Amino acid sequence: MQARPQARTGANRLAVLPHDFIWGASTSSYQIEGGAREGGRGMSIWDTHCRETGRISGGHTGDAACDHYHRYAEDVELMRRLGMRAYRFSVAWPRVLPRGMGKINETGLDFYDRLIDELLDSGIEPWLCLYHWDLPQALDDLGGWTNRDSAGWFADYAALLARRYGDRVRRFATFNEPSVFVLFGYGFGWNAPGVADRSAYFRAMHHVNLAHGRAVDVLRSLAPSASIGAIHNRQKCLPSSSSPEDAHAAALLDQHWNRAFPDAQILGHYPPDLAEAVESWTRPGDIAQICRPIDWFGLNHYAPIYGKATVAPLGFAWGDAPGGIERTDIGWPIHAAAFRDELAGTAVRYRLPIYVLENGYGGREQPDAEGRIDDRRRIDYLDAYIGAMAEAVALGADIRGYFVWSLLDNFEWGSGYNHRFGIVYVDFDSQRRIPKASAEWYAALIRASAGGPPRGEEP
Ligand code: IFM
């Protein structure tokens, strides 16, 4: 490890955080595990997508990723040394159910047994996310999320995980960023399964919401002491120009990106401009099935996003940020006050305890001649964003934890291995891990932050 820097988000600024505030890190199965052909794992839609020419920068795949499938103990030890209290990971559905349903793969289940036990032995609380985008290919062959049966497939998968891990895992999340994988996977066709179709998009949206509600019920009945949430990206949607058409597109983007899932799941209705399109896929009782009580809101945030007017198929397009804005190395705008506002707005809108389950800086850093990675710009970003989170707490938002994205540099979807989000550098040739300066900074911040006021009752 490198020399220990002091946390700059000084103890004063963090004194508003509750004394048992949870500091952790998040990852996801396809992005780090590798071992794609090992232990009986089935194919996922990302295995397929990565093999389609031109989909992923450099033709990269998650076949090896960070080799976490074999190196999980080393990764847990890293987190322990950094002082993390919690780790959010996802289970690869095709690793435990190679065809998505039916025959169970014990070898796959054993892997997560070992990971969970290693975490618990190290004093790190496991936060298990059921779905971070790697749908079994066999289910996609049946229509994937566009098939209404997907809600039942997901409920059965949730039951398997609750029965197997519910004795040791208390924190369960249903989906990570449903609006991203549904919009990019079925609306724009950029992500797996690469579909760009208006009807498929709205069907998938509704079925993912149904699957969420079904899974919440299953988890409650099979793991009665579980604390259950869902993870949504919340980002300010701004117009990419001063035209009224772009202003309208940004407002529409907000309904699709920020509200289609949490409004349905927590408030029991779809945003106004989506309701009619979803209606044709809705059956009596669906909204009640979707809107099941949950215990917390998992919030992911990186940067504002920009809407641009277009006619088809959804009435908005992904716009560029205007010039003159400070950006991360990979080009995402840096705007910490927007994070504060999203946190404060989410607290008021949904009235649930919030855990920040993703926030981080995308860079391209490489080790220097001495093998050190001095990622100052990531530290500056994290310092500003964690400070903004503390401001939201001071404004009254009930925020109970922060998980940095990500523990490790990993497979960043369409960008392959070119964008690095880790606080720990990964040399993808040797699989050597090198904690960056930001890892030491984060460890110092965790040490410095203990000691705020107690908070309300834990769900
Ligand atoms: O890497 C992703 C993650 O899988 C979902 N949220 C955003 C991250 C950075 O793009």
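Whatever order the structure lists them in is the order used to number ligands and atoms, beginning at 1. Because the structure is predicted, anything quoted here is derived from the model rather than measured.
Put simply, no part of Tyr361 is less than 4.0 Å from ligand 1, judged by heavy atoms.
Residue, atom and distance of the protein heavy atom nearest to atom 6 (N) of ligand 1 are Glu358 OE1, 2.5 Å. The protein heavy-atom contact nearest to atom 1 (O) of ligand 1 is Glu412 OE1, 2.6 Å.
In this model, no donor atom of one side chain and acceptor atom of the other lie less than 3.5 Å apart for His335 and Glu326. Judged purely by distance below 3.5 Å, without hydrogens or angles, the side chains of Tyr350 and Arg234 pair a donor atom with an acceptor atom.
In terms of N/O distances under 3.5 Å, ligand 1 is approached by Gln31. The distance criterion of under 3.5 Å between nitrogen or oxygen atoms is met by His132 with respect to ligand 1. In terms of polar-atom proximity, Trp413 is counted as a contact of ligand 1, with an N or O under 3.5 Å from an N or O of the ligand. The shortest N or O to N or O distance between Asn300 and ligand 1 is not under 3.5 Å. By the 3.5 Å distance cut-off applied to N or O atoms, Glu177 is counted among the residues near ligand 1. Checked against a 3.5 angstrom limit, the closest N/O atoms of Asn176 and ligand 1 fall outside it.
Geometrically, Arg432 does not engage Tyr425 in a cation-pi contact defined by less than 6.0 Å to the ring centre and at most 45° from the axis.
Of the candidates Arg364, Arg378, Arg377, Arg420, Arg377 is the only one forming a salt bridge (charged side-chain N to carboxylate O under 4.0 Å, His left out) with Asp329.
Contact check for Tyr87 versus Glu125: no side-chain heavy atoms found under the 4.5 Å cut-off.
Judged by distance alone, with hydrogens and angles left aside, the side-chain atoms of Arg85 form a donor-acceptor pair with the main-chain N or O of Asp20 at under 3.5 Å.
Close approach of ligand 1 to Phe421 is summarised as follows: ligand atoms under 4.0 Å from at least one heavy atom of the residue are 9 (C).
Counting heavy atoms under 4.0 Å from ligand 1, residue Phe181 does not touch it at all.
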Criterion ring-ring contact (aromatic ring centres under 6.0 Å, His included) on Tyr302 and Trp405, from CA distance to verdict:
CA-CA 10 Å; Tyr302 293 84; Trp405 185 270; 7.5 Å; no

Any chance you could lay out the side-chain hydrogen bond (donor to acceptor under 3.5 Å, both in side chains) test for Asn176 and Asn300, step after step, and finish with the verdict?
CA-CA 9 Å; Asn176 183 73; Asn300 294 355; 3.1 Å; yes

